[in-house]
2 protein chains.
Amino acid sequence: MKATVPITVASLKVACSQCNLVELCLPFGMSENEIDRLDELVGARRKIKRQHHLYRAGDPFEAIYAIRAGSFKTDVLLEDGREQVTGFQMTGEMLGLDGISTELHSCNAIALEDSEVCVIAYGKLEELSRVVEGLQHQFHKVMSREIVRDHGVMTLLGSMRAEERLAAFLLNMSQRFTARGFSAAEFHLRMTREEIGSYLGLKLETVSRAFSKFQEEGLIAVQQKHIRILNIGGLKKLIQHPSPRA
Amino acid sequence: MKATVPITVASLKVACSQCNLVELCLPFGMSENEIDRLDELVGARRKIKRQHHLYRAGDPFEAIYAIRAGSFKTDVLLEDGREQVTGFQMTGEMLGLDGISTELHSCNAIALEDSEVCVIAYGKLEELSRVVEGLQHQFHKVMSREIVRDHGVMTLLGSMRAEERLAAFLLNMSQRFTARGFSAAEFHLRMTREEIGSYLGLKLETVSRAFSKFQEEGLIAVQQKHIRILNIGGLKKLIQHPSPRA
DNA sequence: CGTGGGGGTTGACGTGGATCAACGGACTTC
DNA sequence: GAAGTCCGTTGATCCACGTCAACCCCCACG
């Protein structure tokens with residue numbers, strides 16, 4: 001791989017106040033006035049092609065990113081070559097929060113499809129959030145939400161069996177698509193079985209088998225990356241009633 | 001269990017500026033002047049007896065806590081009774097960050113021994129961090145560090161085998177004890193095998209067996225909760241060279 | 001000082017998911 | 001539209017860890 005990423009400064013800058021992701025993104029919960037002030041914060045936008053990095057582990061941390069279009073995965077590479085996917089991010093979600101602590105990014109962020117992000121210079125964000133109370137509070141909430149989310153993943157990895165993990169994953173995806181105005185029951189996964197497996201702590205074969213099993217049981221219809229959920233309740237029941245014990 | 005916790009307002013309030021945990025806790029990296037201002041922020045201290053809750057999942061969120069003495073675990077209970085320990089916290093570390101996002105705590109915080117925390121009213125923290133630049137920045141770092149730490153745990157849970165997990169756990173404990181001026185090679189674990197297992201996604205029997213194996217191999221000496229590390233390099237090698245593949 | 005109970009260890013056995021392998025279908029590239 | 005590659009599925013086998021069970025030790029408590 002080369003340099004880092006093709007950077008494209010968006011020619012026309014779209015303000016937060018006019019963005020349709022307001023309800024999902026950093027501005028959520030802020031007043032009209034406050035959101036207007038955000039517009040000075042959000043600088044250039046940047047397009048990232050599928051499979052390209054937005055940033056890499058070790059890169060100096062300068063900005064956080066809000067996804068305007070597309071989707072990403074974040075992963076950590078261990079010295080011995082193992083990869084752990086730590087999350088999948090969709091429109092309106094933030095990337096790069098891991099970099100604040102050491103001023104270096106601690107994971108890789110890779111586009112799962114051609115995507116676009118808003119670049120939020122971190123210095124400016126701190127500055128502005130000293131003045132705009134709602135921004136400060138909202139930013140803290142975003143970070144806190146990330147912590148809660150991570151605890152959920154830890155719970156999944158630490159105490160669920162393969163099929164429960166996949167069911168939880170599908171329900172989570174469904175819920176996030178719903179929040180974005182898409183169908184809760186039918187969606188297109190942008191990641192491979194291997195990436196799902198890495199995220200869920202399973203091998204790709206196990207993920208594939210679980211998909212097939214769910215299909216046999218009439219819970220979902222799978223066609224490659226296209227998923228239709230036929231029985232949401234059935235999936236939910238799976239994660240509430242562990243097969244044996246735990 | 002009853003009410004929530006016995007609350008004791010410390011009679012004499014010890015200021016951050018005079019606390020020997022400055023290097024580990026929220027004030028880290030702040031200037032003398034800034035730290036002085038912290039003193040108005042940190043309110044009462046609170047003593048928590050062993051096995052008692054500092055807060056519970058679902059409790060309204062009002063404050064975050066800095067551990068002054070003792071140690072805690074945080075855990076999440078699933079509906080079906082499964083428990084996942086999401087972390088162990090030692091002196092100088094912060095508790096309660098998970099509550100910011102929903103204004104409800106999302107996990108339980110339980111003292112592993114008789115402990116004491118500094119109560120930091122969250123409203124005041126936001127207020128003060130609008131004025132004290134170093135506080136704002138440091139607080140963001142603390143949250144970000146928590147996110148990075150969680151990603152590390154996800155990596156551990158998602159891609160390591162039992163003995164690697166325990167080795168990583170021991171090395172992490174050792175490193176944290178060192179940072180607190182204790183021996184890197186000899187320490188006392190405050191948690192049970194079951195709690196370690198829950199944290200590492202293993203059963204207590206597996207944890208016990210791994211301890212025994214390490215002892216046989218001369219890597220450590222175990223005596224109940226008392227651990228002596230005899231071969232740090234050996235432990236480190238374990239987590240860098242996975243037994244088979246991954 | 002005896003007694004009870006929780007925490008820890010160890011062994012025998014079972015199994016969920018990893019591993020290894022073969023193959024088929026979809027997408028990419030020219 | 002042909003060729004190659006990546007991705008996904010499925011089967012057979014293996015093994016790391018969970019499960020079940022017995023027992024011991026340490027310590028709290030009467």
Side-chain angles (χ1 to χ4, degrees), chain A residues 49-52 73 81-85 110 112-114 156-167 169-170 188-217 220-227 238 242-246, chain B residues 49-51 73 82-85 112-114 156-167 169 188-217 220-227 238 242-246:
Chain A
K49 284 221 157 298
R50 185 174 128 88
Q51 300 286 30
H52 283 244
K73 71 168 175 181
R82 285 182 280 191
E83 179 198 25
Q84 174 70 30
V85 171
I110 299 153
L112 294 174
E113 58 192 306
D114 292 358
L156 179 149
L157 291 171
S159 72
M160 291 185 166
R161 8 184 87 264
E163 286 170 26
E164 299 174 64
R165 294 183 198 189
L166 188 63
F169 170 74
L170 289 173
H188 191 84
L189 299 175
R190 316 306 313 209
M191 67 294 285
T192 67
R193 301 289 191 263
E194 185 170 19
E195 288 164 335
I196 297 172
S198 172
Y199 180 60
L200 299 178
L202 303 169
K203 292 288 138 179
L204 76 166
E205 294 95 327
T206 305
V207 173
S208 181
R209 277 184 246 268
F211 269 124
S212 301
K213 178 114 180 289
F214 287 173
Q215 180 152 257
E216 279 166 35
E217 289 168 347
I220 62 176
V222 189
Q223 211 170 359
Q224 300 293 122
K225 293 188 153 102
H226 191 86
I227 307 289
L238 263 182
S243 326
R245 75 184 50 208
Chain B
K49 285 221 157 297
R50 187 174 127 87
Q51 300 285 29
K73 70 168 174 181
R82 285 182 280 191
E83 178 199 26
Q84 174 70 29
V85 171
L112 294 175
E113 57 191 309
D114 292 358
L156 179 148
L157 292 171
S159 72
M160 290 184 166
R161 7 185 85 260
E163 286 171 27
E164 299 174 65
R165 294 183 199 189
L166 187 63
F169 170 74
H188 192 84
L189 299 175
R190 317 304 315 208
M191 66 294 284
T192 67
R193 301 289 190 263
E194 186 169 19
E195 287 164 335
I196 297 173
S198 170
Y199 180 61
L200 299 179
L202 302 169
K203 293 288 138 180
L204 76 167
E205 294 94 328
T206 305
V207 173
S208 180
R209 275 185 248 269
F211 269 125
S212 301
K213 178 112 181 291
F214 287 174
Q215 179 151 258
E216 278 166 33
E217 290 168 345
I220 62 175
V222 189
Q223 210 170 1
Q224 299 294 121
K225 294 188 153 102
H226 191 85
I227 307 289
L238 263 183
S243 328
R245 74 185 49 209

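Bear in mind that the values here come from a model prediction, so they are computed numbers and not experimental data. Below, read A as the first sequence line, B as the second, and so on, with proteins coming before strands; counting in each chain starts at 1.
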**Study point:** Rounded distance in Å - CZ (B/R190) to C1' (C/dG7)
**Key:** 16 Å
Practice item. State whether B/T206 places a side-chain N or O below 4.0 Å from either non-bridging phosphate oxygen (OP1 or OP2) of D/dA16. Key: no
Point to revise | Spacing between B/L202 atom CG and C/dT9 atom C1', to the nearest angstrom | key: 16 Å
Exercise for review: Report yes if a side-chain nitrogen or oxygen of B/K225 is closer than 4.0 Å to either non-bridging phosphate oxygen (OP1 or OP2) of C/dG8; otherwise report no.
Suggested key: yes
Review point. Out of D/dC17, D/dT10, D/dG18, which nucleotide sits closest to the side chain of A/S212?
Key: D/dT10
Practice item. May I ask you to decide whether A/E113 forms a salt bridge with A/R190, counting only side-chain N to carboxylate O separations under 4.0 Å? Key: yes
**Study point:** Between D/dC26 (C1') and B/Q223 (CD): distance, integer Å
**Key:** 11 Å
Point to revise | B/E216 CD to C/dT9 P, straight-line distance once rounded to whole Å | key: 12 Å
Review point. Are any of the side-chain nitrogens in B/E217 or B/K213 under 4.0 Å away from the carboxylate oxygens of its partner?
Key: yes
Practice item. Can you tell me the distance, in whole Å, between the CG atom of B/L166 and the P atom of C/dG8? Key: 13 Å
Point to revise | Residue pair B/R82 / A/M160, side-chain heavy-atom distance below 4.5 Å | key: yes
Revision key, fill the gap. Closest of C/dG16, D/dT9, D/dC17 to the A/R161 side chain is C/dG16
Revision key, fill the gap. Only one of A/L157, A/I196, A/V207 passes side-chain contact (heavy atoms from CB on, under 4.5 Å) with A/R165, and that residue is A/L157
Study note, to complete from the structure: Rounded to whole Å, NZ of B/K203 lies from P of C/dG7 at a distance of 15 Å
Check your understanding: To the nearest Å, how far apart are B/R209 CZ and D/dC17 C1'?
Key -> 9 Å
Study note, to complete from the structure: Heavy-atom nearest nucleotide on DNA chain C taken for A/L204 and for B/E205; more 5' hit belongs to B/E205
Review point. Looking only at side-chain N and O atoms, does A/R193 come under 4.0 Å of OP1 or OP2 in D/dT9?
Key: yes
Point to revise | Name of the residue among A/V222, A/I227, A/L238 meeting side-chain contact (heavy atoms from CB on, under 4.5 Å) with A/F214 | key: A/L238
Check your understanding: Is the shortest side-chain N to carboxylate O distance from A/K49 to A/D114 below 4.0 Å?
Key -> yes
Practice item. Using whole Å, report how far CD of A/Q224 lies from C1' of D/dT9. Key: 9 Å
Review point. Quick one: do B/R209 and B/E216 make a salt bridge, cutoff under 4.0 Å?
Key: no
**Study point:** Comparing A/G201 and B/T192 on DNA chain C - which has the more 5′ nearest nucleotide
**Key:** B/T192
Exercise for review: Kindly say if A/S208 contacts the phosphate of D/dT9, meaning a side-chain N or O under 4.0 Å from OP1 or OP2.
Suggested key: yes
Exercise for review: Return one dot-bracket line describing DNA chain D 5' to 3' (Watson-Crick or G-U wobble pairs, both distances under 3.5 Å; ( ) same strand, [ ] crossing, | another strand, . none).
Suggested key: ||||||||||||||||||||||||||||||
